[in-house]
Amino acid sequence: MAKKQKTCKDSCVTMTELVLPNDTNTLNNLMGGRLMHWMDVVSAIAAQKHSNRIVVTASADNISFRNPIQLGDVVTLEAKVTRAFSSSMEVYVEVYAENIPSGTRFKSHSAFFTFVAVDQGGRPIDVPELKPETSEEQELFEGALRRRQLRLVLAKRMKPEDATELKSIFETQV
Ligand SMILES: CC(C)(COP(=O)(O)OP(=O)(O)OC[C@H]1O[C@@H](n2cnc3c(N)ncnc32)[C@H](O)[C@@H]1OP(=O)(O)O)[C@@H](O)C(=O)NCCC(=O)NCCS
């Protein structure tokens, strides 16, 4: 039977948080762990909306911290599913920090998370396909296969020689 199809729009989630004293380190900047928690939560909601299932975090790709987010800033997190495989879904999350009194806003982080839809016993279960609609969604969709292969190779769940799409980007064109 053909799989149900859903779009990125179906899973889009926006979450807004205010950085309070309990969220910060001794320099009054947002703690990395608190931000990662918010990123995990917003991405999990996007994956739930795509699959209509319970989901568990399977992996989070590299998250680097360049610019600090300060006490009192408003943090907006936007997440959407970029591609679905059998039971797993890749979610792209973007983070923006805004200082309302000074009128400044910047994109502070982005990352990819992978979630797996599971049944009540915690066993992986099939999810709908994702159908990209815009050129940006198409680009994210195509890259998702290479990113999946990279994270499965790093997790020792795939042999490097089987990561054909990933290898193809390193092969010299003749
Ligand atoms: C994620 C989990 C459900 C995978 O279960 P499993 O028995 O290994 O199942 P499978 O090998 O069939 O893998 C299921 C899917 O997970 C994906 N997956 C497993 N490990 C992965 C990883 N490290 N990165 C990305 N995807 C991963 C597989 O590629 C597969 O995707 P597909 O069905 O779309 O092809 C299981 O490892 C688990 O429950 N982990 C704990 C989750 C958790 O507690 N998260 C909170 C973080 S502390």
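Please read all numbers here as calculations on a predicted model, not as lab measurements. Whatever order the structure lists them in is the order used to number ligands and atoms, beginning at 1.
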Requested in this report: For the pair Phe65 and Leu35, evaluate side-chain contact (heavy atoms from CB on, under 4.5 Å) and give the outcome as yes or no after the intermediate values.
Outcome: CA-CA 10 Å; Phe65 299 96; Leu35 179 63; 4.0 Å; yes
**Report entry** Where Asp61 and Arg151 come nearest, the two heavy atoms and their spacing
**Finding:**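 Answer, listing the atom of Asp61 first, then Arg151: OD2-NH2, 2.7 Å.
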Any protein heavy atom sitting closer than 4.0 Å to [atom]?
atom	value
atom 48 (S) of ligand 1	no
atom 41 (C) of ligand 1	no
atom 2 (C) of ligand 1	no
atom 44 (O) of ligand 1	no
atom 7 (O) of ligand 1	no
atom 36 (C) of ligand 1	no

Query raised in the report: What part of Arg157, side chain, backbone, both or neither, has a heavy atom within less than 4.0 angstrom of ligand 1?
Result: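 Contact part for Arg157 vs ligand 1: side chain (C-beta onward).
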Query - ligand 1-proximal atoms of Ser88, by part, heavy-atom distance under 4.0 Å - result: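 For Ser88, the contact with ligand 1 is made by both the backbone and the side chain.
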Where is the nearest protein heavy atom to [atom]: which residue, which atom, and how far?
atom	answer
atom 27 (C) of ligand 1	Leu152 CD2, 3.7 Å
atom 17 (C) of ligand 1	Val116 CG2, 4.0 Å
atom 33 (O) of ligand 1	Ser87 OG, 2.7 Å
atom 5 (O) of ligand 1	Pro124 CG, 4.0 Å

Query raised in the report: Any side-chain donor-acceptor pair under 3.5 Å between Lys6 and Asn52?
Result: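 Their side chains do contain a donor-acceptor pair, which is all the 3.5 Å distance test asks for.
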So how far is it from [X] [atom1] to [Y] [atom2], rounded to the nearest 0.5 Å?
X	Y	atom1	atom2	value
Asp40	Thr57	CG	OG1	3.5 Å
Gln120	Ile54	CD	CD1	4.0 Å
Glu90	His50	CD	NE2	12.0 Å
Lys131	Lys9	NZ	NZ	10.5 Å

Query raised in the report: Yes or no on side-chain contact (heavy atoms from CB on, under 4.5 Å) for Leu140 and Phe112, after CA distance, side-chain angles and deciding distance?
Result: CA-CA 10 Å; Leu140 285 166; Phe112 292 96; 4.0 Å; yes
With atoms numbered from 1 as shown, which atoms in ligand 1 lie under 4.0 angstrom from a non-hydrogen atom of [X]?
X	answer
Arg148	29 (O), 31 (O), 32 (P), 34 (O), 35 (O)
Ala155	23 (N)
Val56	3 (C), 42 (C)

Requested in this report: Just do the side-chain contact (heavy atoms from CB on, under 4.5 Å) check on Glu78 and Tyr96 with the steps written out, would you?
Outcome: CA-CA 8 Å; Glu78 296 174 358; Tyr96 298 88; 3.8 Å; yes
Query - Any N or O of Thr57 closer than 3.5 Å to N or O of ligand 1 - result: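 Checking ligand 1 against Thr57, an N or O pair does fall under 3.5 Å apart.
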Query raised in the report: Is there a nitrogen or oxygen of Ser59 sitting under 3.5 Å from a nitrogen or oxygen of ligand 1?
Result: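 Yes: some nitrogen or oxygen of Ser59 is under 3.5 Å from one in ligand 1.
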Report task. May I ask you to decide if Leu166's main-chain N or O and Gln149's side chain share a donor-acceptor pair within less than 3.5 Å? Result ->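 Yes.
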Query raised in the report: With no hydrogens and no angle check, is any side-chain donor or acceptor of Lys3 less than 3.5 Å from a backbone partner on Val127?
Result: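 Such a contact is found between Lys3 side chain and Val127 backbone.
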